[in-house]
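For reference, the structure discussed in these notes is given below.
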Amino acid sequence: MRVLVIEDDPILSHHLATQLSELGNQVQVADTAKEGFYQATNYPIDIAIVDLGLPDQDGISLIKSIREFGSKFPILILTARVNWQDKVEGLNAGADDYLVKPFQKEELVARLDALVRRSAGFVKPIIRSGQLELDLAAKQVSLAGEAITVTAFEYLILEYLMRHYQEVVAKQRLLDVVYADKEGDPNTIEVMVSRLRKKLTQAGFADSILTIRGQGYKFNQICE
Ligand code: CA
């Protein structure tokens with residue numbers, strides 16, 4: 001496929017171009033937003049990798065311009081910024097995914113593949129928040145590709161919280177989710193949430209589930 005890399009760091013952009021070419025892609029490189037926009041709108045690009053910190057324009061405005069122009073290929077953001085506001089802003093501007101620098105080549109390739117698959121219509125039933133993935137078909141949880149072992153109840157809780165990440169979910173609601181029509185003890189929810197939190201933290205995903213005092217729980221990341 002034809003990959004457009006818009007990145008001003010010459011070493012990184014050279015690495016990306018080499019690695020992606022070795023995998024059989026045709027790679028085009030631009031080191032400014034202006035050049036990137038030109039290439040994005042004048043070539044049949046399959047996917048673009050866009051750095052947010054470009055010398056002449058912010059990557060986010062560049063993505064907006066590309067989308068306003070009407071280009072629909074998937075865009076992966078590369079960013080050294082780690083705060084979630086930037087990621088949300090990027091996704092809102094029209095990017096499809098993001099990767100925080102420094103990153104592993106394997107992860108980049110996996111994300112590019114997934115983006116291309118998705119844009120081609122082969123949608124895998126996955127809910128994702130950053131590197132945390134919930135495979136809805138297999139009922140499995142993984143972080144950056146590494147499986148996290150959770151119980152069936154913990155899985156149900158996590159899936160529900162991730163699906164409703166914009167809401168504070170009451171304990172009673174989780175009780176209904178876990179026990180369906182059976183009578184359950186609200187304390188068991190607390191135990192399950194705390195175990196789930198611990199497992200996610202151990203796997204490297206801290207502060208995943210917030211406790212909102214007197215109201216319930218809230219999943220602490222943004223899903224696409
Ligand atoms: Ca940069």
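Read the numbers this way: they start at 1 and go in the same order the structure lists the ligands and their atoms.
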TODO: Apply side-chain contact (heavy atoms from CB on, under 4.5 Å) to the pair Asp51 and Asp8, showing each step before the final yes or no.
DONE: CA-CA 8 Å; Asp51 174 33; Asp8 62 319; 2.9 Å; yes
Open item on the list: Counting only heavy atoms from other residues, nucleotides and ligands, does the tally under 6.0 Å from CG of Asp185 exceed 12?
Closed with: yes
Open item on the list: For a quick check under 3.5 Å, do Glu35 and Gln39 share a side-chain donor-acceptor pair by atom type?
Closed with: yes
Open item on the list: Would you say Thr211 and Arg197 are linked by a side-chain donor-acceptor pair, where the criterion is simply a distance under 3.5 Å?
Closed with: yes
- [ ] Please indicate how many protein N/O/S atoms are found closer than 3.0 Å to the Ca ion (ligand 1), with waters neither displayed nor included.
- [x] 3
TODO: State which residues pass ring-ring contact (aromatic ring centres under 6.0 Å, His included) with Tyr160; sequence neighbours excluded, sorted by chain then number.
DONE: His164
Open item on the list: Would you say Glu107 and Gln131 are linked by a side-chain donor-acceptor pair, where the criterion is simply a distance under 3.5 Å?
Closed with: yes
